[in-house]
Amino acid sequence: THKHGRAFQRGTLGTLFEQSFDLLFICFLMIASAATYLLHGGWITWLAIAVPSATLAVVSAGAILGILRRLVTKVPPEATSASRWLRFVAELRDSALLEPQLGRTLMFLSGLRFVTLILMAGETTAAIHAHVPLWHLAAAMPFAVLATATGITPGGLGITEFTYAGILRA
């Protein structure tokens with residue numbers, strides 16, 4: 001049972017690690033959405049800020065993981081027997097999870113996932129004959145995703161919808 005528990009923990013950790021890139025990407029795009037709202041801008045404003053923000057997200061993911069990799073390499077191998085935390089750091093040091101290229105790839109995939117979600121939302125609004133421009137959906141999506149991630153109801157039930165409606169109305 002110990003091995004099954006360990007595999008479960010690694011699977012959970014891997015999922016959380018991968019999803020953290022989605023959340024970080026959304027945070028970068030939130031800058032574009034907030035600036036567009038504050039500047040009373042349109043799709044050009046959002047796009048002019050979102051594209052550099054997304055690029056910065058991809059580039060910074062590699063840099064952040066590079067810094068973390070350098071930090072975990074400072075833990076000496078003999079210190080790993082001291083605690084579970086140091087053993088975890090040693091496993092992290094010896095894995096490929098902190099490779100900058102992996103970070104950039106995961107962030108890029110988060111960007112593609114964002115575009116896919118926007119296109120799905122666009123198709124959904126078109127199916128119910130609601131004419132909501134795609135850029136409105138793209139500008140509202142970061143807030144809806146963040147609201148879901150920090151949802152106060154079980155499973156974020158209703159939080160995403162409430163946030164989407166509130167942001168689109170604003």
Side-chain angles (χ1 to χ4, degrees), residues 10-75 88-89 91-127 130-151 156 159-170:
R10 281 190 180 157
T12 303
L13 181 63
T15 301
L16 289 173
F17 179 74
E18 185 264 330
Q19 288 181 351
S20 69
F21 287 90
D22 291 344
L23 189 59
L24 187 59
F25 189 82
I26 290 300
C27 288
F28 274 91
L29 287 183
M30 196 173 288
I31 297 166
S33 297
T36 302
Y37 176 75
L38 293 173
L39 297 172
H40 304 288
W43 70 271
I44 294 174
T45 304
W46 188 83
L47 202 57
I49 300 170
V51 170
S53 293
T55 304
L56 183 61
V58 172
V59 171
S60 69
I64 290 168
L65 288 181
I67 291 168
L68 287 174
R69 185 155 196 73
R70 283 193 295 279
L71 286 175
V72 298
T73 56
K74 294 190 183 294
V75 175
F88 170 75
V89 170
E91 285 182 23
L92 198 56
R93 178 189 62 215
D94 298 335
S95 74
L97 276 179
L98 298 180
E99 290 295 327
Q101 181 59 40
L102 176 63
R104 287 188 293 273
T105 301
L106 288 174
M107 192 63 80
F108 180 76
L109 291 173
S110 292
L112 290 179
R113 192 171 7 256
F114 179 80
V115 170
T116 302
L117 288 173
I118 298 305
L119 293 175
M120 287 172 44
E123 288 299 313
T124 302
T125 58
H131 302 289
V132 180
L134 280 179
W135 85 267
H136 283 193
L137 296 171
M141 181 70 78
F143 295 103
V145 170
L146 188 63
T148 302
T150 60
I159 298 296
T160 303
E161 294 79 7
F162 176 76
T163 305
Y164 239 137
I167 295 295
L168 287 174
R169 187 154 195 300

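- The side-chain contact (heavy atoms from CB on, under 4.5 Å) check on T36 picks up T45, W46, W135, with sequence neighbours excluded.
- Residues in residues 41-55 take part in no salt bridge (charged side-chain N to carboxylate O under 4.0 Å, His left out) pair, two or more places apart or across chains.
- Of all the heavy atoms in L47 and P52, the pair that sits closest is O-CD, 4.2 Å.
- Among all heavy-atom pairs drawn from F114 and P142, the shortest one is CE1-CD, 4.2 Å.
- Rounding to the nearest 0.5 Å gives a distance of 10.5 Å between OG1 of T124 and CG of L119.
- Sorted by first then second residue, the salt bridge (charged side-chain N to carboxylate O under 4.0 Å, His left out) pairs that include residues 41-70, not counting sequence neighbours, are R69-E99.
- Expressed to the nearest 0.5 Å, how far CG of L29 lies from CG of L146 amounts to 12.0 Å.
- Between A34 and F143, the closest heavy-atom pair is N-CZ, 4.3 Å.
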Quick one: do T125 and H131 satisfy side chain to side chain contact (heavy atoms under 4.5 Å, CB included)? Show the steps, please.
-> CA-CA 7 Å; T125 58; H131 302 289; over 6 Å; no

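- Considering only residues two or more places apart in sequence or on other chains, Q19 meets the side-chain hydrogen bond (donor to acceptor under 3.5 Å, both in side chains) condition with none of them.
- Between F17 and F21, the two ring planes are perpendicular [angle over 60°; tilted spans 30° to 60°].
- Taking OG1 of T73 as the start and CG of L68 as the end, the distance is 10.5 Å to the nearest 0.5 Å.
- Contact check for R104 versus V59: no side-chain heavy atoms found under the 4.5 Å cut-off.
- For G103 against A61, the heavy-atom pair with the smallest separation is O-CB, 3.5 Å.
- With rounding to the nearest 0.5 Å, the separation of CE in M120 from CG in L137 is 12.0 Å.
- Of the inter-residue distances, the one linking F25 atom CZ with F108 atom CZ reads 9.5 Å to the nearest 0.5 angstrom.
- Among pairs with a residue in residues 23-48, none fulfils salt bridge (charged side-chain N to carboxylate O under 4.0 Å, His left out), at least two apart in sequence or across chains.
- Here the CE atom belonging to M107 is positioned 7.5 Å from the OG atom belonging to S20, to the nearest 0.5 angstrom.
- Residues in residues 105-122 take part in these side chain to side chain donor-acceptor pair (under 3.5 Å) pairs, two or more places apart or across chains: E18-R113, D22-S110, D22-R113, Q101-T105.
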